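Right, one structure below, let's go through it.
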Amino acid sequence: MNNVITNANGVKVKVRVYDIGDGEIDRYTIICVSDKGKDSSGLVYYPVFACSENPFHPQGIGIYVGDYYPYRRHSYDFGKRVKDLASLPEEVIKYIKIITT
């Protein structure tokens, strides 16, 4: 799986992208694995973003949706994991490069 992308600053970052399927406005879920943090209890979390196929369009969406806690992974349903980032629409790749800076 190719989960590494070069962000807008030229830094390689690791992300996981999931596809919930056609017909959903927030079709893609992006977990920024390289940006892990720890909460006040010391639990690791990762920032999560959602976007449409064209997040920069006036009717598109590109938004921070919260944090992903690996220990609660059974409670999330992000859809099917995208195994190759190159298969994503160009605008989604551009969005990922911006949010990971």
Side-chain angles (χ1 to χ4, degrees):
M1 276 186 239
N2 184 6
N3 298 324
V4 178
I5 192 166
T6 304
N7 69 15
N9 292 338
V11 178
K12 291 187 184 278
V13 292
K14 187 173 182 179
V15 296
R16 288 189 184 150
V17 180
Y18 296 87
D19 184 354
I20 199 81
D22 288 334
E24 299 294 330
I25 188 68
D26 57 348
R27 179 175 179 174
Y28 297 103
T29 302
I30 302 115
I31 301 175
C32 301
V33 180
S34 293
D35 292 339
K36 74 178 179 183
K38 288 190 178 180
D39 65 9
S40 60
S41 301
L43 298 172
V44 173
Y45 66 90
Y46 304 100
V48 180
F49 296 83
C51 72
S52 60
E53 292 180 26
N54 191 348
F56 301 106
H57 188 277
Q59 294 179 341
I61 186 172
I63 189 168
Y64 168 75
V65 294
D67 297 320
Y68 167 74
Y69 285 84
Y71 79 93
R72 294 193 302 201
R73 69 179 144 263
H74 62 278
S75 63
Y76 300 102
D77 182 16
F78 296 133
K80 186 178 176 183
R81 188 161 175 193
V82 176
K83 297 187 182 206
D84 186 16
L85 298 179
S87 67
L88 293 169
E90 188 176 317
E91 292 296 309
V92 173
I93 293 172
K94 181 178 171 184
Y95 178 71
I96 293 170
K97 289 180 177 189
I98 291 171
I99 64 170
T100 56
T101 56

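Only this structure's heavy atoms are used, side chains among them; waters, hydrogens and symmetry mates stay out. A quick note: this is a predicted structure, and the numbers were derived from the prediction, not measured. Sequential numbering from 1 along the given sequence is applied to the chain's residues.
- What you find for V44 and P70 is that their closest heavy atoms are O-CD, 3.3 Å.
- Screening residues 29-45 for side-chain hydrogen bond (donor to acceptor under 3.5 Å, both in side chains), with sequence neighbours left out, gives D39-Y69.
- A distance of 12.5 Å separates CD1 in I98 from CD1 in I93, rounded to the nearest 0.5 Å.
- Rounding to the nearest 0.5 angstrom, the gap separating the CG atom in N3 from the NZ atom in K83 is 10.5 Å.
- Hydrophobic cluster membership differs between V48 and Y28, with clusters built from Ile, Leu, Val, Met, Phe, Trp and Tyr side chains linked at under 4.5 angstrom.
- Minimum interatomic distance between G60 and S52 (heavy atoms only, all atoms of both residues): CA-OG, 3.4 Å.
- Listed by chain and number, the residues in a salt bridge (charged side-chain N to carboxylate O under 4.0 Å, His left out) with E53 are R27 (sequence neighbours excluded).
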*For side-chain contact (heavy atoms from CB on, under 4.5 Å), just list the numbers for Y95 and I30, CA-CA rounded to whole Å, side-chain angles, deciding distance to a tenth of an Å, and then say yes or no.*
CA-CA 10 Å; Y95 178 71; I30 302 115; 4.1 Å; yes

*Step by step, work out the side-chain contact (heavy atoms from CB on, under 4.5 Å) result for V65 and D26.*
CA-CA 10 Å; V65 294; D26 57 348; 5.9 Å; no

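- The ring pair (Phe, Tyr, Trp, His ring centres under 6.0 Å) test applied to Y18 returns F78, not counting sequence neighbours.
- L85 is connected to V92 through a chain of hydrophobic side-chain contacts under 4.5 Å among Ile, Leu, Val, Met, Phe, Trp and Tyr, so both are in one cluster.
- Hydrophobic clustering (ILVMFWY, side-chain heavy atoms < 4.5 Å, transitive): V4 and I31 are in distinct clusters.
- Residues satisfying the ring pair (Phe, Tyr, Trp, His ring centres under 6.0 Å) criterion with Y64, sequence neighbours excluded, are F49.
- Minimum interatomic distance between G62 and C51 (heavy atoms only, all atoms of both residues): CA-CB, 4.0 Å.
- When each of I5, V13, N7 is paired with I96, the side chain to side chain contact (heavy atoms under 4.5 Å, CB included) condition holds for I5 and for no other.
- By the criterion of side-chain heavy atoms lying less than 4.5 angstrom apart, applied directly or through intervening Ile, Leu, Val, Met, Phe, Trp or Tyr residues, I99 is grouped together with V17 in one hydrophobic cluster.
- Residues satisfying the side chain to side chain contact (heavy atoms under 4.5 Å, CB included) criterion with N54, sequence neighbours excluded, are F56, H57, E91.
- Hydrophobic clustering, with ILVMFWY side chains joined whenever heavy atoms are under 4.5 angstrom apart, keeps I20 apart from I63.
- The neighbour count for D77 CG, taken as heavy atoms of other residues, nucleotides or ligands under 6.0 Å away, does not exceed 12.
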